Undergrad: 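Take a look at the following structure, please.
In what follows, every chain begins at residue 1, and chains take the letters A, B, ... in the order their sequences are listed. From a predicted model like this one, the values you see are computed outputs, not experimental measurements. Computed from heavy atoms alone, side chains included, the values below leave out hydrogens, waters and symmetry copies.
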Amino acid sequence: MGQFTKNPDKEWIKQRLMATSLCIMMVFVLLFLRLIYLQVIKGEEYRRLSEKNSVRLKSIKSSRGLIFDRYGNLLVENRPSFNLKIVLEDARPVEETLKKVSSLINISNEILLENIEKAGNGAFYKPLILKKDISREQLAIVEAHKFDLPGIHIDIEPTRHYIHKKSAAHLLGYLGEINGDELKSGKYPGVRTGDSIGKEGIEKSYERFLQGKRGGKQVEVDANGRIIKELKRVEPVSGKDLHLTIDLALQQTAEEQLKDKDGSVVALDPANGDVLVMASSPSFDQNDFIGGISKKKWKVLMDDPGKPMSNKAIQAEYPPASTYKIITSFAGLEEKLIDLNTKAYCPGYMNYGNRMYRCWMYKRGGHGEVNIVKGLAESCDVFYYQAGEKIGVDTLAQYAKGSGLGKKTGIMLANERSGLVPTSQWKKKRFNEPWQGGETLSISIGQGFNLVTPLQMAVVIAAVGNGGTLYKPRILKTVVDTNGEVIKKTEPEITGGLPASKETLKIVKQGLLNVVQGRHGSARQIKIKGTQIAGKTGTAQVYSRKKGEKFIKKGLAKTLRDHAWFVCYAPANDPIIAIAVMIEHGESGSRTAAPVAKKIIAKYLQSKGILKENEE
Amino acid sequence: MFDRRLIENFDWGFLILILMIGSVGLVILYSAVSAGQDLSGVHVLFTKQVIWMCAGLCIMLMTLVIDFRELDKLSIFIFIFCVGLLVSVLLFGRMGGGSRRWLALGFVTIQPSELMKIALIISLASVYSNSVSETGLTFRKLIKPGIFCILPFILIVKQPDLGTGLLLLLIAGSITLFVKVEKKVLFSLSGICLAAVPLVWFTLKEYQKNRILTFLNPDRDPMGAGWHIIQSKIAIGSGMLTGRGFLKGTQNALSFLPEQHTDFIVSVLAEEWGFVGCSVLLILYFFLLFWGLNIAYGCRNLFGSILAFGLTAMIFWQIFINIGMVMGLMPVVGVPLPLVSYGGSSVVTNMVAFGILLNISMRKFSSN
């Protein structure tokens, strides 16, 4: 062939081009095979992936039921809260997006990262909560920079709002995120990680009514996570509303009275056991628990010596002190060991064994001659020492238990304490020591081993007022669905009757009436014009005084001062309210506890039209 | 000057093939730019592309006027002119997407690296047509073409535009292999290339390394660099046999596809028209390439044959790299698909290439 000229050799060109064609063909075969692999063999799988890409499931939270007081005043509602969320997959590059968010709304990058971690790292497609409940200002900033923040969006979610800050906080309870154990327990069907459930109080007790059923929607989103359209929707079912037996105005009156004091107030309707007031002080703000309480706030609550998280009406136990004389009276009268004519002489003390047992009138020379009515009215200890000595510890215990003490009242609230009614057997078991006669004297006047909760005493005094019927305290009146239909109505529940005949009750009631209405009654200063109050004061020893020590030592550490009790009902002849007041370290039942009850009674009787406004 | 024979010999079949591919391209582009938009009007990018296509056809027809053999004589001037443009890009070019690739000339901006491809092919055809031998080219004879390659390559990589640079080397390599080199030269050049791989690796920018690593293992970084290729494969696969229908691709409409109107436009075709639609386009391209090789075969002028081969090789590499990348067969490189991807420079360059091929085809009977 020789040297090429500018005219090519046809054969040579053909040979080179054939080789080229072969290469091109091989490449096209390769492309076709790849196409078959992707579209035919793996087609199905990729079709699914493309749908998963663009179709997202979003759950629609149901709104929790509302809580009202007995007159329909709203106590707990749901307000809209704005949650900042992120879909990692759409927020690429994630770090940069987070930096922008952090500088825009002034939340440290670390907190945001921590929240992502907490919300479940690795979930690329799911919206994760970046920051719960952002402020309206932060909302506005994020909305304005929406297009600079891919994968970031804001969800409006109903959030619990306790309208009356700190009011009835213990009774209503609060919400918290469900924990692992609760999830596993199976008691919360339909509740998922991250959801809130009632942790205390009504919120916990009636979770099954308050919690609604979650709905869901299928939406199509674009690559930036923006919703293009909704494909399917299942509506959520709202939780049911609760109407409580609580009287909001009265509750607030009680809380006003408890301000700056540690203690509790329970008010019941003696006719049916309705809880009109359940206040415990100090209180806490339930709204702090929404979205998780901060460690700092939790520590403050835990370190407070006043124990703000404890519902003192049902979870604190105290010696009943002189309020227990009601029980001792029942036992003495019913066992016929004493009657109206039984008299004791009170010189201010009584010697028993080789010890002297004082009456509180010791300093002023005692009560002189005392019968049961005077003994109750003026709270003579000597009369009850003598009665108790005759009755004995175990018989007294029977009457205490018969009156509902030593066991839970059965109110629908968690962690109720049962108190303690001591018996000789109990002491043997507990301390492996025989019962001492002197101890009987102490428990006859409610000191010593006895322990009761304010709610238990309220139930007892309500029963005295209503003629002897013990009711289970009721906090829930009705459950109403979103259409306003009542789906559950609770009935008053009788748990028993006081172990006291009509005659016995008549005598005791006379004594209690004289406590307030009598000339020398221990709570005579709380008389209200226009009605009559019957009650019993009590001063529970916290610190055992040594011989010769002053009765109330000035400057005694507050935590060692006596607890003050007052239990009562009004109007005395036909009571519509029964109250137990316990002021911790209040020193004197008549001076600190009784005035609290007076305010509540006045307020309630005014609201019922029995008393005129401003008449106390 | 103007010969009746030229009209008689006009290659109508090739023109029709080009028009068919162009039409398919416009249909896909319509889908791609309408993604997620309301369809009340025609998208501005679509209109622009139609205008570019028409302008391209005019330029193509204009290239027919001059006898292709004139290009042989003008080759050195064309080459110097294009190198001059590349230098001015580096000096006065417009920035875009982190690189300096465009030159503003009044109301149009051009991409000189695109023109450089054709200039290089003409220059190599000119050089090789004078130095071809039966035993193959020696080292000495490769020095001049080597300079023709390396100079524009360096200028383009400096922009930086590695994709076009590599494309240039692939085209030059194809032409060189086509005209045959000595065996020992072939082996030593292959050896040099292999040895250069690690060196090149260290000069690559971080994002370029990432692209290559991601190609080797797309799941390495599914949220970052691997995202594009994963989404593209999902789009292609989800088209299945017959596709989801015109304008019905969700990957496209919901903007899961990156660059769906330029580099990733095949994903849109695959998603909406399925395996059937892809096959049609591939077969059309296959015919186009064979037609190009046939033109090289039919030409009685060695310069014309090599030129026709070089232009066909250019089209081939663009098709292979683009479709291969979109289907996950190679790393992500920004190479547009001829007559389908959106972009004025690409349309015009390819139209010029087709014009020269038509030129060679209609003058195949003229020799020196």
Undergrad: For A:L35 and B:L282: C-alpha separation, side-chain torsions, deciding distance, then whether side-chain contact (heavy atoms from CB on, under 4.5 Å) applies.
TA: CA-CA 10 Å; A:L35 216 47; B:L282 278 180; 3.8 Å; yes
Undergrad: Would you name the heavy atoms of A:L17 and B:L293 that are closest together and state the gap between them?
TA: CD1-O, 3.6 Å
Undergrad: Students often mix this up, so state it plainly: with edges at 30° and 60°, are the rings of B:F275 and A:F32 parallel, tilted or perpendicular?
TA: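 Answer is perpendicular, since the angle exceeds 60°.
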Undergrad: Do other residues, nucleotides or ligands put more than 12 heavy atoms under 6.0 Å from A:E44 CD?
TA: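 Incorrect, the count does not exceed 12.
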Undergrad: Take B:F290 and A:M25 through the side-chain contact (heavy atoms from CB on, under 4.5 Å) test and state the conclusion after the steps.
TA: CA-CA 10 Å; B:F290 266 83; A:M25 248 189 287; 4.3 Å; yes
Undergrad: Select one option (side chain, backbone, both, neither) describing which atoms of A:E51 are under 4.5 Å from chain B's heavy atoms.
TA: side chain
Undergrad: Does any backbone or side-chain atom of A:I41 lie under 4.5 Å from a heavy atom of chain B? Answer side chain, backbone, both or neither.
TA: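 For A:I41, no heavy atom lies under 4.5 Å from chain B.
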Undergrad: Using a cut-off of 6.0 Å, state whether more than 12 heavy atoms not belonging to A:L33 lie near its atom CG.
TA: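 Enclosed: over 12 neighbouring heavy atoms sit under 6.0 Å from CG of A:L33.
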Undergrad: Output the distance between atom CG (A:L31) and atom CD1 (B:I323), rounded to the nearest 0.5 Å.
TA: 6.0 Å
Undergrad: Using a cut-off of under 4.5 Å on heavy-atom pairs, state which of B:G239, B:G324, B:S238 scores highest against chain A.
TA: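 The candidate making the most pairs under 4.5 Å is B:S238.
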Undergrad: Show your reasoning for whether side-chain contact (heavy atoms from CB on, under 4.5 Å) applies to B:F320 and A:I24.
TA: CA-CA 9 Å; B:F320 179 49; A:I24 294 180; over 6 Å; no
Undergrad: Which pair of non-hydrogen atoms, one from A:R16 and one from B:F178, has the smallest distance, and what is that distance?
TA: NE-O, 2.7 Å
Undergrad: What part of B:I236 gets closer than 4.5 Å to chain A, counting heavy atoms only: side chain, backbone, both or neither?
TA: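 It is both, since atoms from each part get that close.
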Undergrad: Measure the shortest side-chain to side-chain distance between B:L177 and A:T20 over non-hydrogen atoms and say whether it is less than 4.5 angstrom.
TA: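 No, their side chains stay 4.5 Å or more apart.
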Undergrad: Could you report the tightest heavy-atom contact between B:A270 and A:Q39, atom names first, then the distance?
TA: O-NE2, 3.2 Å
Undergrad: For A:Y37, look at atom OH and say whether over 12 heavy atoms of other residues, nucleotides or ligands are found less than 6.0 Å away.
TA: no
Undergrad: So which of B:G274, B:G304, B:G243, B:A296 has the biggest tally of heavy-atom pairs under 4.5 Å with chain A?
TA: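 Top count of heavy-atom pairs under 4.5 Å with chain A: B:G274.
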Undergrad: Is there side-chain contact between B:M240 and A:Y46, with heavy atoms separated by less than 4.5 Å?
TA: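 No, too far: nothing below the 4.5 Å cut-off.
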Undergrad: Using modelled atom types only, decide if a donor and an acceptor are shared between the side chain of A:R34 and the backbone of B:M327 within a distance under 3.5 Å.
TA: yes
Undergrad: Side chain, backbone, both or neither: which part of B:Y285 has a heavy atom under 4.5 Å from chain A?
TA: both
Undergrad: If you round to the nearest 0.5 Å, how far is OG of B:S279 from CD1 of A:I36?
TA: 7.5 Å
Undergrad: Looking only at heavy atoms, which two atoms of B:F316 and A:V27 are closest? And how far apart?
TA: CZ-CG2, 3.6 Å
Undergrad: Could you tell me the separation between the OG atom of A:S50 and the CZ atom of B:R244, rounded to the nearest 0.5 Å?
TA: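 One finds 4.0 Å between OG of A:S50 and CZ of B:R244.
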Undergrad: Tell me, yes or no, whether the heavy-atom count around A:E143 atom CD, taken from other residues, nucleotides or ligands under 6.0 Å, exceeds 12.
TA: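 It does: A:E143 CD has more than 12 such atoms within range.
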Undergrad: Mind listing the closest non-hydrogen atom pair of A:I13 and B:S305 along with its distance?
TA: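 Result for this residue pair: CD1-CB, 3.9 Å.
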